[in-house]
Amino acid sequence: MEEIKSNFILDIIDEDLKKNPDLKIHTRFPPEPNGYLHIGSAKAIWINYSIAKKYGGKFNLRYDDTNPSKEDNEYVNSIYEDLKWLGAEPNGGVFYGSDYFDKCYEFAVRLIKQGKAYVCDLSADEMREYRGTLTEPGKNSPYRDRSIEENLDLFERMKNGEFPDGAKTLRAKIDMASPNINMRDPAIYRIVHTSHHRQGNKWCIYPLYDYAHPIQDALEGITHSLCSIEFENHRPLYNWVVENIPVENKPKQREFARLNVTHTVMSKRYLRQLVETGLVDGWDDPRMPTLCGLRRRGYTPSAIFDFVSRAGVAKAYSVVDYELLEHCIREELNSTAQRRIAILNPVKVVIDNYPEGKTEYFDLPNNPQNPEAGTRKVPFARELYIDADDFAEVPPPKFFRMKPDGEVRLMGAYIVKCNNIIKDDNGSVKEIHCTADLETGNGNPADGRKIKGTIHWLASKYALPINVMLYDQLFTIENVADIPEGKGYGDYLNLDSVKKLDNALAEPSLSEANEGDKFQFVRVGYFVKDSKYADTFNRIVGLKDSYRPENK
RNA sequence: UGCGGAAUUGUGUAAUGGUAGCACAGCAGACUCUGACUCUGUUCGUCUGGGUUCAAAUCCUGGUUCCGCAGCCA
């Protein structure tokens, strides 16, 4: 995994370490189990994990499951799977925020006894009114000065289920006139009569994030609670809680900008919408920016960490170009993926001077840059297929592939010359007739002439029919920023970026590929064999410029 | 209009008073049995006005722009 580079969080930690050299750095990744992990989560994971690693500290996974109405075991499991896949081992342990509910309750009672929290009867609407606005201070709740005894009694009855949802809240008594709205007596407990995915019906009151999170951090021994920038305004409240609970450990919250990538969204709310409306196949659709979607698209953990590492850690809002992500996976796959031939749009080629019925096998390197990857045998015969794009009857300037009277190399095999073409009634090319330079075979011509173009080919009688799903764009969502508030997502999906090619062909050795194997279709792009589509292969990342029709 | 953040090339990110660097993208060329890869070269930047200093992206000061905050979500 990429080591973390110089950034402002490291500076803060170094500073803390200078003050207290014995400090054992302890971080955590605290996802709410209400959706699948995505590339933005990978950034948070990487930051927390790699910082713990750098300082020889610990890293926890903690499910932040304090809202029973949104969370589900499906997500708990998927998060664990994805984290495991990434290889970010939580060496500090796996925890659940809900396991601290007893402590949260105990500390809340303590706050009440100290006069620092009170039960409030205001409705949600009333509370909003009392809160004031961004520019005007709030005013005190009429229930703010209840006696400690009354608060204790009411809070216990809240816990015992005597009140309906929303009837009462427990609030921290801080400052209704604070310029920071989060400090205006925030609710720390609410009543929700909903079964919890882990606690069942044990509770009908649930602590809110701002109250529960610092407690969880403090109890787990977290030293640095690293989260995204929108929580920066919550830091004073985080500190207030830490200061007002009887725990030695005083974790420190620090914030970094969340990851944005062009042509997609990270919000779980939107991603869930895509899944639930059926616009994508599921959370693991290769168009999704989820980790499982990227996995199906062929991304590897190392490429993902490479990407988030290159994107960097800072506080300024930014949107990283998806080309960087593609670069990272291309770079890795280029050195690791085996090459295979596939013809996306076949056109028949007949080698007139090649004996009918003869088959010979050429050895093609599995990875030209890595001889250790070995070779494979690819059958050659009189009748072949090439990609339609590799032939031009009227070639543009600098067209190096097959053209009338031109010579071209069949990759790993003979040099052939196109003699004439046969068209069907519609005038489109039906058959291309060539002669091969049989003297040279898979070698260079004796007369030293240079052949500029090399194209891929398949012997028709051995070619393996496949379906190819083309995901030409990394993601399918465009101009997300332009989507009006409240508008459905479907209208803004670029569904054209997914194409299914039914008549594609591949070399026979592909039939032996295993699920998850990654290859490079020579001159076409990278793909991963995906069992979900049986005989279908996903084209995942295009080769840069490889199909540019002509060069300027 | 309140509070809190942030502004470095097309994008992202370094430089912590001392040569503005790196990566991606772009452009040009070389190489190539993948027009990929690789290699070489190259365009382009410190939001803005003032100040301090021998020296400012960095310090001070005025302005501008962008992001976040008014859930009993996280």
Side-chain angles (χ1 to χ4, degrees), chain A residues 5-8 11 30-32 34 64-67 69-71 97 120 122-124 127-128 131-138 165-171 178-184 186-192 205-206 208-210 212-213 227-236 255 257 262 268-269 307 310-328 330-331 334-335 339 341 364-365 368-369 398-401 408-413 415 442-444 451-456 520-525 542-551:
Chain A
K5 291 173 297 202
S6 145
N7 66 55
F8 74 99
D11 293 347
E32 183 186 15
N34 68 343
D64 204 346
D65 55 354
T66 54
N67 184 354
S69 47
K70 285 192 174 179
E71 294 144 9
C120 182
L122 253 27
S123 71
M127 201 185 282
R128 184 158 44 243
R131 186 162 33 234
T133 67
L134 292 176
T135 51
E136 299 155 21
D165 286 7
K168 289 180 180 355
T169 56
L170 184 70
R171 293 226 257 165
S178 170
N180 182 344
I181 286 187
N182 298 303
M183 299 298 271
R184 318 240 259 233
I188 59 177
Y189 260 97
R190 77 308 207 166
I191 301 171
V192 187
I205 56 170
Y206 291 91
L208 283 136
Y209 170 87
D210 281 321
H213 204 88
C227 61
S228 47
I229 201 89
E230 68 266 28
F231 292 107
E232 197 161 27
N233 294 333
H234 296 241
R235 194 150 102 198
E255 310 82 12
T262 58
K268 280 192 229 172
R269 187 181 133 238
F307 169 72
R310 292 190 200 218
V313 183
K315 292 184 81 165
Y317 174 87
S318 65
V319 185
V320 181
D321 202 318
Y322 80 92
E323 299 231 25
L324 181 59
L325 180 58
E326 294 219 322
H327 169 82
C328 292
R330 252 192 232 117
E331 186 178 72
N334 185 50
S335 59
R339 310 292 121 114
I341 290 173
L364 266 69
Q369 266 133 61
K398 293 193 175 175
F399 184 85
F400 303 136
R401 288 167 276 165
V408 70
R409 163 77 68 180
L410 297 179
M411 198 172 70
I415 294 166
N442 181 16
N444 289 318
I451 308 301
K452 191 101 173 148
T454 302
I455 62 174
H456 52 293
Q520 186 199 92
F521 280 148
V522 175
R523 296 182 10 93
V524 171
L543 294 178
K544 252 173 112 181
D545 283 353
S546 81
Y547 252 153
R548 191 189 280 184
E550 73 268 0
N551 248 348

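Order of the sequence lines sets the chain letters (A, B, ...), proteins ahead of strands, with each chain counted from 1.
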Residue closer to the 5' end of RNA chain B, A/R339 versus A/V320 (nearest nucleotide):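 With A/V320 and A/R339 compared, the 5'-side residue is A/V320.
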
Contact nearer the 5' end of RNA chain B, comparing A/R330 with A/K315: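 Upstream on the strand: A/K315.
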
Closest heavy-atom contact between A/R339 and A/V522?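 So the two residues come closest at CB-CG2, 3.8 Å.
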
Nearest-Å distance once atom P is located in both B/C44 and B/C22: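 The same atom, P, in both gives a distance of 15 Å.
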
Would you measure the distance from the P atom in B/U13 across to the matching atom in B/G18 and give it in whole Å?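 Straight-line distance between the two P atoms is 22 Å.
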
Rounded to the nearest angstrom, tell me the gap between atom [atom1] in [X] and atom [atom2] in [N].
X	N	atom1	atom2	result
A/F400	B/C33	CZ	P	13 Å
A/L324	B/A25	CG	P	8 Å
A/L208	B/C72	CG	P	7 Å
A/Y206	B/G71	OH	C1'	18 Å
A/D210	B/C69	CG	C1'	11 Å
A/N34	B/G71	CG	C1'	15 Å
A/E230	B/C66	CD	P	20 Å
A/E326	B/A23	CD	C1'	16 Å

Look at the side-chain N and O atoms of [X] and state whether any lies under 4.0 Å from the OP1 or OP2 oxygen of [N].
X	N	answer
A/R235	B/G68	no
A/T133	B/G2	no
A/H327	B/C24	yes
A/R131	B/G71	yes
A/R128	B/G71	yes
A/S318	B/U13	yes
A/K544	B/G26	yes

Does [X] reach a base, just sugar-phosphate, or nothing at all? Heavy atoms under 4.0 Å.
X	result
A/G443	base
A/F231	base
A/E331	nothing
A/V319	sugar-phosphate
A/E32	sugar-phosphate
A/I188	nothing
A/N233	base
A/T66	sugar-phosphate
A/T169	base
A/R310	sugar-phosphate
A/H213	nothing
A/P368	base

Is there a Watson-Crick or G-U wobble partner for [N] with both distances under 3.5 Å, and which nucleotide is it?
N	answer
B/U9	none
B/C73	none
B/G29	B/C39
B/U52	none
B/U46	none
B/G68	B/C3
B/U19	none
B/A14	none

Any side-chain heavy-atom pair of A/N67 and A/Y206 under 4.5 Å: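 Not in contact.
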
Closer than 3.5 angstrom, by distance alone: can the side chain of [X] be matched with the main-chain N or O of [Y] as a donor-acceptor pair?
X	Y	value
A/D64	A/G97	no
A/R330	A/L543	no
A/T169	A/R171	no
A/T262	A/Y322	yes
A/N182	A/N233	yes

Nearest listed nucleotide, side chain of A/M127, among B/C72, B/A74, B/C33: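 Closest nucleotide to the A/M127 side chain: B/C72.
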
Which one, B/G71, B/G4, B/A25, comes nearest to the side chain of A/E323?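 It is B/A25.
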
Syn versus anti for B/G71, judged by chi lying within 90° of 0?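 Because its glycosidic torsion lies within 90° of 0, B/G71 adopts the syn conformation.
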
A/E32 with A/K268: basic N within carboxylate O range, under 4.0 Å: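 A/K268 and A/E32: not salt-bridged.
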
